Amino acid sequence: FQAVGWMERIYRGPVPLVYTRFTGRYLALWMLLLPFPLYKELDGSPIMVPIACLIAVFFFGIDELGTQIEEPFSLLPLEWICQGIESTAAELQNGSQNGTLPCNLGIADGVRPLKGLQDY
């Protein structure tokens with residue numbers, strides 16, 4: 001249960017909002033200024049607009065992905081994982097009290113145990 005407490009502390013610890021805002025603003029400024037060097041390199045070609053838009057889509061997508069990764073616990077099924085850990089720990093505790101290991105070492109219903117563990 002100590003690991004659950006650690007995860008809870010990480011979950012409760014906020015990611016600094018200043019960092020997220022700074023990267024977003026810096027990226028927006030960079031994308032705003034990008035057409036100027038493109039204009040020079042492409043000699044004022046109209047293809048500059050779709051190229052700048054395509055680059056913006058990729059970079060803003062990476063920024064959004066980074067924002068999602070900053071909060072991994074909102075994406076993970078933590079309730080399901082914790083229930084599986086709890087049931088496995090209870091099975092192991094009951095088996096150690098009886099002197100035998102339980103046969104079902106799976107994480108939760110519908111999930112197979114690791115290869116090789118099903119023989120125990």
Side-chain angles (χ1 to χ4, degrees):
F1 293 106
Q2 187 177 11
V4 175
W6 290 337
M7 289 186 353
E8 189 70 26
R9 274 188 243 135
I10 292 171
Y11 177 70
R12 300 272 183 229
V15 174
L17 187 58
V18 175
Y19 172 76
T20 304
R21 285 186 179 168
F22 174 76
T23 56
R25 289 175 183 163
Y26 180 79
L27 181 61
L29 178 65
W30 192 82
M31 292 309 304
L32 184 68
L33 297 175
L34 178 65
F36 295 110
L38 282 180
Y39 184 83
K40 182 180 177 185
E41 288 296 319
L42 298 174
D43 294 325
S45 175
I47 194 120
M48 174 190 67
V49 174
I51 289 175
C53 290
L54 185 65
I55 292 171
V57 166
F58 283 122
F59 277 101
F60 282 118
I62 291 170
D63 183 51
E64 182 61 30
L65 183 67
T67 302
Q68 291 294 323
I69 291 173
E70 286 175 355
E71 299 287 338
F73 295 111
S74 63
L75 303 174
L76 296 174
L78 288 183
E79 290 292 324
W80 183 79
I81 292 171
C82 290
Q83 288 172 357
I85 292 170
E86 185 178 9
S87 67
T88 303
E91 286 181 25
L92 289 173
Q93 185 177 17
N94 291 337
S96 68
Q97 290 173 355
N98 298 336
T100 61
L101 282 175
C103 294
N104 182 11
L105 292 177
I107 292 176
D109 294 335
V111 177
R112 296 181 313 199
L114 295 173
K115 192 173 186 177
L117 288 180
Q118 63 265 27
D119 298 332
Y120 289 103

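Note that the structure is a prediction, hence the values are computed from the model and not measured. Note: hydrogens, waters and symmetry copies are ignored here, and every other heavy atom, side chains too, is used.
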Seminar exercise, completed: Residue set satisfying side-chain contact (heavy atoms from CB on, under 4.5 Å) with Arg25, at least two apart, ordered chain then number -> Arg21
Problem set entry | Any pair counted as side chain to side chain donor-acceptor pair (under 3.5 Å), so long as it reaches residues 43-62, sequence neighbours left out | none
For this session: Can you sort out the partners of Leu65 under side-chain contact (heavy atoms from CB on, under 4.5 Å), two or more places apart, ordered by chain and number?
Result: Ile69
For this session: Would you list the pairs meeting side chain to side chain donor-acceptor pair (under 3.5 Å) in which at least one residue belongs to residues 52-65, sequence neighbours left out?
Result: Glu64-Gln68
For this session: Could you pull out all residues at least two apart from Ala56 that satisfy side-chain contact (heavy atoms from CB on, under 4.5 Å)?
Result: Met31, Phe60
Exercise. So which pairs with a foot in residues 28-39 pass side chain to side chain donor-acceptor pair (under 3.5 Å), sequence neighbours left out?
Worked result: none
For this session: Could you grab the distance from atom CD1 of Ile85 to atom CH2 of Trp80, nearest 0.5 Å is fine?
Result: 10.0 Å
Problem set entry | Residues forming a side-chain contact (heavy atoms from CB on, under 4.5 Å) with Ile51, sequence neighbours excluded | Leu38, Leu42, Ile47, Ile55
Exercise. Transitive ILVMFWY cluster of Phe36 at side-chain heavy atoms under 4.5 Å: who else is in it?
Worked result: Leu29, Leu33
For this session: Each residue besides Phe58 in its hydrophobic cluster should be listed here, by chain and number; the cluster joins Ile, Leu, Val, Met, Phe, Trp and Tyr at side-chain heavy-atom distances under 4.5 Å.
Result: Leu54
